[in-house]
Amino acid sequence: MKVSIIGGSGFTGGELLRILATHPNVEIKMATSRRYVGDYVHRVHPNLRGILDIQFTDPSTSKIAEESDVVFLCTPAGVSAKMTPEFLEAGVKVIDLSPDFRLKNPGEYERWYGWKHPRPDLLEKAVYGLPELHREDIQKADLIACPGCMSTAAILAMAPLAKTGFIKQSIVVVDAMIGSSGAGATPSLASIHAERYGVIRPYKPVGHRHTSEIEQELGLLAGENVKVAFSASSVNIVRGILVVCHCFTEKNVTVRDLWKIYRQFYGNEPFIRLVRDVKGIFRYPDPKLTVGSNFCDVGFEFDPYTNRIVALAAIDNLVKGAVGNAVQSLNIIYELDEKTGLMYPGIHPV
Amino acid sequence: MKVSIIGGSGFTGGELLRILATHPNVEIKMATSRRYVGDYVHRVHPNLRGILDIQFTDPSTSKIAEESDVVFLCTPAGVSAKMTPEFLEAGVKVIDLSPDFRLKNPGEYERWYGWKHPRPDLLEKAVYGLPELHREDIQKADLIACPGCMSTAAILAMAPLAKTGFIKQSIVVVDAMIGSSGAGATPSLASIHAERYGVIRPYKPVGHRHTSEIEQELGLLAGENVKVAFSASSVNIVRGILVVCHCFTEKNVTVRDLWKIYRQFYGNEPFIRLVRDVKGIFRYPDPKLTVGSNFCDVGFEFDPYTNRIVALAAIDNLVKGAVGNAVQSLNIIYELDEKTGLMYPGIHPV
Amino acid sequence: MVIVLECSECGGRIKIPDDVLEGEIFSCPDCGMEYEVYINNGKVELKHAEIEGEDWGE
């Protein structure tokens, strides 16, 4: 199928080009970039030198629509809300990696993004692009809203617990730790090496936008409202997210129960790996072990001292946290094997 | 074809398993490890969880020979020299990633390794496994000696200059900078995080063993003895090698001449990328841009002030510096497309 | 149809569509040097386009 990428010069756009370059069923028609129009993509994404021989273009939406079956939008917040309607009207499927269509309730955009959504009618039509939770809807969708990177990790860590009633009437606490590629390629004083290197920087201890997505999805699973106390800190890596989720429960739980709950929920999901080893140096999920792969490693532990289930998840924020969900959704829409073009082993050590 | 890996628990063994796991023409029969016999490989190589479902074994050489067409030896110095003869007698092809058969001249082993080679007769039979220089010999070989990681980078950086007489009667100076994975997985005080992190550590300023290989191969190209002043320092990355090679010349050279010399030599080699950009932030080779890929990025510059050609090369020490050459050689021996199973785009940023 | 011109910096091959307009910018795939197209009595030719200096670190 013919695909185009809007906003091909950022880290997400580059990662999408990397994955699609070796995807057997995809023909990349266009990769757009206003800033780098005319440049070869490997000038911005050096890992693609010798792999992709195309240049960035900046055509009109209608030109892109003419030549593409599917468009991926790797655009900053607010851009996709304007472009998507045009593509949908032209019969082009949209896989949006921006936040513009993730939330069902327009009011939540005002609260978390301070932004009045221009097309609330489309929010109902959009499907939340997390295959492990919405496979059937994705299959029939024209508009996919890919989840935020940290939301992906937190939701996947706690989904089995939400489904089996372990997140009832209580607040869950989520600490997310993320690498520098999560902040994107736009330079800022906070992201220059001398300032960013070696930090453990609580950059959003409260009010992080991903909270609303996590509450939305866990709420659907739990069948009632869930409140999430979310804090995000950046750490001294480039790729990777670890979430440590604290779920308090009155029920008594054993590790065996947890294995059963997580196995039942994730069965044979191709990209979820349950990691709770009893020996060795890789006992719990750790993003270092997922770099470059589409795997989400999920783990858990029970703390009898505080009656707390600790749910853990580790992903590569650029792959499973962004383009992995997008390409999985593409595979689902076109009824391909979901693993197509995504079954990379991670790079270790790195 | 059926392959087995001897010494599968080290970083090189793990990287070989990663590449072979998705190689379409390979069936992995055995991965041996005395220390981890019976363990699943993903206990030692966590990136392979969900990718490879095999356990480490520790059978006799004859058992391995029975079941394998090719064996890869990822063993410390001195082990392969004992094992290889048995495999060759059993008609099994050997691709040796250890240093035991790299040098043609047995005397060099005494000088650089302080080791009397037990089977000097096999040194003539062994082919130096650098496809860009020895493709025809590799095709007909039963015993391949894969080059050292830093030798690979230095040889590929200077080969075109050696061939065109730019390295005549003069000493070349080579500064190699390498990541921590180059030291292997055996723990030592020098490699614990608190001591290894953030170093720029000249660990072998003189007398590095790879010197002999570089002199051997450049000498063959130049048609006369070449002397290499080699220094190796470890830097604050995990994967990657950069070599900066200083070649002094009386001839006057322009950048255009250098492009011509390097293009002529490397023509359309699948894994060599010539990198000397005039703009952007990726102007010269940099291992950060090759992580996880089999590419060797080669660049150059001319310094009229000291009449010096600076030749640069960057590789991933575990891929092109080790298993990449091994798997390329496997593809050549079995007359497959040399790119089979190796055409990964690197991971960027990482 | 595409015409191929040689990059004066590195000798690389620059592919130019034959319906190119005067003043269009093309860059060499091998070394990134940028050129501006000009039509010299019917013949498509390249001249150096100046590259705005980017931040290149040190």
Side-chain angles (χ1 to χ4, degrees), chain A residues 11 14-15 17-19 21-22 36 39-40 42-52 179-181 185 197-198 236-240 268-275 277 279-283 285-286 288-295 297 316 318-319 339 343-350, chain B residues 11 14-15 17-19 21-22 36 39-40 42-52 179-181 185 197-198 236-240 268-275 277 279-283 285-286 288-295 297 316 318-319 339 343-350:
Chain A
F11 287 147
E15 191 67 0
L17 284 166
R18 173 177 80 87
I19 300 273
T22 52
Y36 293 102
D39 270 339
Y40 282 86
H42 67 258
R43 287 271 121 62
V44 178
H45 307 301
N47 55 322
L48 299 180
R49 188 193 286 257
I51 299 276
L52 269 180
S180 54
S181 62
Y197 183 93
N236 195 44
I237 56 175
V238 173
R239 279 178 181 234
N268 33 38
E269 280 292 342
F271 295 109
I272 303 287
R273 302 188 301 197
L274 299 183
V275 181
D277 277 15
K279 64 167 183 144
I281 61 166
F282 310 111
R283 300 189 184 207
D286 173 355
K288 184 182 171 74
L289 315 180
T290 65
V291 169
S293 85
N294 193 43
F295 289 114
D297 286 0
D316 178 324
L318 291 178
V319 188
K339 299 198 285 289
M343 215 32 172
Y344 289 101
I347 307 290
H348 174 267
V350 71
Chain B
F11 287 148
E15 191 68 358
L17 284 165
R18 174 178 78 89
I19 300 271
T22 52
Y36 294 101
D39 270 339
Y40 282 91
H42 67 258
R43 286 274 121 63
V44 178
H45 308 300
N47 54 324
L48 300 181
R49 187 193 287 260
I51 299 277
L52 268 181
S180 54
S181 62
Y197 183 91
N236 194 44
I237 56 176
V238 173
R239 280 179 181 234
N268 33 39
E269 280 292 342
F271 295 109
I272 304 288
R273 304 189 298 199
L274 299 183
V275 180
D277 277 13
K279 65 167 190 151
I281 62 166
F282 310 111
R283 301 190 185 200
D286 173 355
K288 184 182 170 73
L289 315 180
T290 66
V291 169
S293 84
N294 194 43
F295 289 114
D297 286 0
D316 178 325
L318 291 178
V319 188
K339 300 200 284 289
M343 215 33 175
Y344 289 102
I347 308 289
H348 174 268
V350 73

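When reading the values below, keep in mind they use all heavy atoms of this one structure, side chains included, and skip hydrogens, waters and symmetry mates. Note on naming: letters A, B, ... go to the chains in the order of the sequence lines (proteins, then strands), and numbering restarts at 1 for each one.
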### Query
Any idea which of A/Pro46, A/Gly280, A/Ser181 has the most non-hydrogen atom pairs under 4.5 angstrom with chain B?
A/Pro46
### Message
Please identify, among A/Val291, A/Thr290, A/Val275, A/Leu52, the residue contributing the most non-hydrogen atom pairs under 4.5 Å to chain B.
### Response
A/Val275
Considering non-hydrogen atoms only, spot the tightest contact between [X] and [Y] and give its length.
{"X": "B/Gly346", "Y": "A/Asn47", "value": "O-ND2, 2.9 Å"}
{"X": "B/Pro345", "Y": "A/Leu48", "value": "CB-CD2, 4.2 Å"}
{"X": "A/Gly292", "Y": "B/Ile347", "value": "CA-CD1, 3.8 Å"}
{"X": "A/Phe282", "Y": "B/Val44", "value": "CE1-O, 3.4 Å"}
{"X": "B/Arg43", "Y": "A/Lys279", "value": "CD-CE, 4.4 Å"}

### Query
Hey, are the side chains of B/Met343 and A/Thr22 touching, using non-hydrogen atoms and a 4.5 Å cut-off?
no
### Summary
With chain A, the option among B/Arg49, B/Arg239, B/Arg273 that has the most non-hydrogen atom pairs under 4.5 Å is B/Arg49
#### Entry: For chain A, the option from B/Ile19, B/Leu289, B/Ile237, B/Asp286 that forms the most heavy-atom pairs under 4.5 Å
B/Leu289
Counting only heavy atoms closer than 4.5 Å, note whether [X] contacts chain B via side chain, backbone, both or neither.
{"X": "A/Asn268", "value": "neither"}
{"X": "A/Phe271", "value": "neither"}
{"X": "A/Asp297", "value": "neither"}
{"X": "A/Ile272", "value": "neither"}
{"X": "A/Val319", "value": "neither"}

### Ring geometry between B/His348 and A/Phe11 (parallel below 30°, tilted from 30 to 60°, perpendicular above 60°)
perpendicular
